[in-house]
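The structure under discussion appears below in the form of structure tokens.
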Number of protein chains: 2
Amino acid sequence: MNAAGTSRSAKPGGRTLANDAYERVRAAILTGRFRPGDRLRFADLQALCGMSVTPVREALARLTAEGFAVLDDHRGYSVASLSLSELRDITANRKRCEGEALRLSIARGDAEWEARIVASHHLLSRLPQGREDMPSVISAGWDARHAAYHQALISACGSPILLDICARLFAHADRYRRISVSLAGAQRDAAAEHRLILERALARDADAAVEALQAHYQNTADAIEAFLETAG
Amino acid sequence: MNAAGTSRSAKPGGRTLANDAYERVRAAILTGRFRPGDRLRFADLQALCGMSVTPVREALARLTAEGFAVLDDHRGYSVASLSLSELRDITANRKRCEGEALRLSIARGDAEWEARIVASHHLLSRLPQGREDMPSVISAGWDARHAAYHQALISACGSPILLDICARLFAHADRYRRISVSLAGAQRDAAAEHRLILERALARDADAAVEALQAHYQNTADAIEAFLETAG
DNA sequence: ACCTGACATATTTTCGAAAATCATTGACAG
DNA sequence: CTGTCAATGATTTTCGAAAATATGTCAGGT
């Protein structure tokens with residue numbers, strides 16, 4: 001019996017096998033290891049996760065409700081595919097929703113919120129975004145810190161529902177970004193943009209901060225668009 | 001073999017038992033027949049839907065991802081409970097998201113969009129919102145037409161993601177409304193507000209139409225709040 | 001060559017029971 | 001009287017196989 005969690009080897013991720021399957025498949029989709037359009041056969045996923053069909057089925061049901069997988073009745077699940085129009089739709093909604101959430105956070109955030117965004121930005125700035133050698137290991141840590149920084153920025157908005165909407169939009173947008181990075185190799189350097197957003201948020205200049213955040217998302221989307229048009 | 005659908009008696013709703021269970025349980029939650037906080041035992045739902053545990057489990061996984069049920073690992077599912085703070089959060093986000101969607105629809109909508117909102121409003125106006133006698137049958141039709149009208153209003157916004165967000169917010173808000181109506185008995189008359197929104201949308205006066213829509217949602221929320229504070 | 005239909009295969013969907021986990025009860029010690 | 005702990009019952013979670021459905025193949029006719 002170790003201190004944290006149980007001693008069972010079969011449930012690394014969550015408290016149930018279904019949770020474990022959910023986290024594994026979700027991570028594989030978001031990182032691009034399961035590619036857009038790929039079929040998600042139960043036999044494969046059972047072998048991969050080392051469990052029966054029931055928990056896998058539950059995991060795919062959740063992922064489908066979140067838009068990461070699609071189900072064709074009696075024909076099986078597959079990874080949700082990418083499209084230029086969806087990327088643009090995600091980006092537009094992200095700019096609107098996260099922009100509003102940032103504005104609220106700047107209006108309502110206290111000193112602890114300031115501490116959260118300073119700390120999470122520091123962690124992010126201390127990590128290279130990615131390199132040609134060992135891209136996977138480094139980028140795994142960077143991806144997590146990048147998501148944590150953006151979450152911290154809007155964490156004082158006071159609306160759990162808005163936070164949930166933003167989290168979902170971020171996850172979908174990040175899938176586009178990670179897949180285009182992993183396939184294109186190159187990626188742009190967003191460190192300056194992240195710093196600019198932080199400075200303006202700390203200065204409580206909502207209009208300027210929101211403008212910087214929206215420009216950041218638009219720049220990211222433009223880079224992905226360029227990739228999708230050539231390789232997609 | 002009849003023309004539409006299969007001849008199987010076991011699948012009235014969707015093409016699979018899991019779809020059927022999903023629709024049944026969802027409807028029961030949204031109408032308030034399954035009350036907030038109620039436990040959702042598999043034995044009960046299996047008996048109700050006439051199927052085994054697997055499809056029921058899949059249905060509850062989907063409903064949980066949509067926020068209509070909550071899961072406590074190894075302790076079971078239950079109907080999501082209501083709270084004053086959540087009602088206010090839903091209302092604020094609804095005003096923001098649907099307001100923006102209506103503004104986009106007014107800017108982009110063509111003649112077919114106009115026809116949709118005129119037609120759906122006509123259907124809605126031809127039905128009494130509810131009466132003391134026979135409330136359930138009448139209100140079932142009214143609820144559907146009410147949802148259809150609000151969906152039509154924003155149907156030309158051009159953003160599938162925004163439409164999805166609005167649909168989810170509407171469903172959650174409508175659960176609050178239906179439960180408060182069914183428990184309080186009385187309900188306010190929103191016909192004039194619906195007509196005002198339609199007129200301003202047809203006149204392409206976006207600011208005025210959005211203002212009327214947001215006032216409509218705020219008035220509805222205020223009535224529910226009054227009920228929640230007394231009876232909740 | 002091309003379409004049709006029956007057969008065989010692959011895959012999903014569902015079931016019924018076993019295993020695992022949680023909640024409750026009641027005995028017993030402090 | 002109070003708190004701990006084991007035994008019991010209720011419920012969730014998972015499994016392995018059966019049933020249902022879709023997909024692919026191939027012979028036969030036009």
Side-chain angles (χ1 to χ4, degrees), chain A residues 1-2 4-26 28-29 34 37-65 68-80, chain B residues 1-26 29 34 37-65 68-80:
Chain A
M1 319 274 187
N2 47 27
T6 74
S7 59
R8 303 206 34 196
S9 62
K11 302 179 182 178
R15 279 182 49 72
T16 66
L17 290 182
N19 282 338
D20 185 34
Y22 169 78
E23 286 167 14
R24 285 207 214 194
V25 178
R26 186 179 197 270
I29 292 176
F34 288 173
D38 275 0
R39 290 209 55 189
L40 294 168
R41 288 192 192 80
F42 287 107
D44 300 341
L45 298 179
Q46 287 177 58
L48 180 69
C49 298
M51 59 186 71
S52 182
V53 66
T54 311
V56 173
R57 178 164 266 278
E58 189 170 328
L60 291 185
R62 284 193 235 172
L63 289 166
T64 299
F68 298 120
V70 292
L71 169 60
D72 213 355
D73 278 340
H74 285 284
R75 225 166 291 175
Y77 288 88
S78 51
V79 179
Chain B
M1 317 280 187
N2 46 28
T6 74
S7 60
R8 303 201 36 194
S9 62
K11 302 180 182 176
R15 279 183 49 71
T16 66
L17 290 182
N19 281 338
D20 184 34
Y22 169 79
E23 286 166 13
R24 285 206 213 194
V25 177
R26 185 178 197 270
I29 292 176
F34 289 173
D38 275 0
R39 289 208 55 188
L40 294 168
R41 288 194 192 78
F42 287 107
D44 299 342
L45 298 179
Q46 287 178 58
L48 181 69
C49 299
M51 59 186 70
S52 182
V53 68
T54 311
V56 172
R57 177 164 267 278
E58 189 170 327
L60 291 184
R62 284 194 236 172
L63 289 167
T64 299
F68 298 120
V70 292
L71 168 61
D72 214 356
D73 278 340
H74 284 285
R75 225 165 290 175
Y77 289 88
S78 51
V79 179

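None of these values were measured; they are calculated from a predicted model. Quick note on labels: first sequence line is chain A, next is B, and so on, each numbered from 1.
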Distance, rounded to the nearest Å, where [X] contributes [atom1] and [N] contributes [atom2]:
| X | N | atom1 | atom2 | value |
| --- | --- | --- | --- | --- |
| B:Asn19 | D:dA20 | CG | C1' | 15 Å |
| A:Asp72 | D:dA20 | CG | P | 21 Å |
| A:Asp73 | D:dA20 | CG | P | 17 Å |
| B:Leu71 | D:dT11 | CG | P | 16 Å |
| B:Arg57 | C:dG16 | CZ | P | 17 Å |
| B:Leu17 | D:dA19 | CG | P | 16 Å |
| B:Glu58 | C:dT12 | CD | P | 12 Å |
| A:Leu40 | C:dT12 | CG | P | 9 Å |

Measure the shortest side-chain to side-chain distance between B:Thr16 and B:Glu58 over non-hydrogen atoms and say whether it is less than 4.5 angstrom.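 A side-chain contact under 4.5 Å is absent here.
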
Between A:Phe34 and A:Leu45, is any pair of side-chain heavy atoms under 4.5 Å apart?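 A side-chain contact under 4.5 Å exists here.
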
Measure the [atom1]-[atom2] distance between [X] and [Y] for me, rounded to the nearest 0.5 Å.
| X | Y | atom1 | atom2 | result |
| --- | --- | --- | --- | --- |
| B:Leu40 | B:Leu63 | CG | CG | 8.5 Å |
| B:Cys49 | B:Phe42 | SG | CZ | 11.5 Å |
| A:Arg62 | B:Arg62 | CZ | CZ | 13.5 Å |
| B:Leu71 | B:Arg57 | CG | CZ | 7.5 Å |

Base, sugar-phosphate alone, or nothing: which one does A:Leu60 contact when heavy atoms must sit under 4.0 Å apart?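 Nothing: the residue A:Leu60, judged by heavy atoms under 4.0 Å, touches no strand.
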
Detail all sub-3.5 Å separations between protein N/O atoms and N/O atoms belonging to nucleotides 9-11 of chain C.
unit_1, atom_1, unit_2, atom_2, d
C:dT11, OP1, A:Arg41, NE, 3.1

What pairs with B:Ala59 under side chain to side chain contact (heavy atoms under 4.5 Å, CB included), at least two apart in sequence or on another chain?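 For B:Ala59, the residues satisfying side chain to side chain contact (heavy atoms under 4.5 Å, CB included) (neighbours in sequence not counted) are B:Ala21, B:Tyr22.
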
Out of C:dT21, C:dT13, D:dT13, which has the shortest distance to the side chain of A:Arg15?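 So the side chain of A:Arg15 is nearest to C:dT21.
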
Looking at the side chain of A:Thr54, which of C:dC15, D:dA17, D:dC15 is the nearest nucleotide?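 Ranking C:dC15, D:dA17, D:dC15 by closest atom to the A:Thr54 side chain puts D:dC15 first.
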
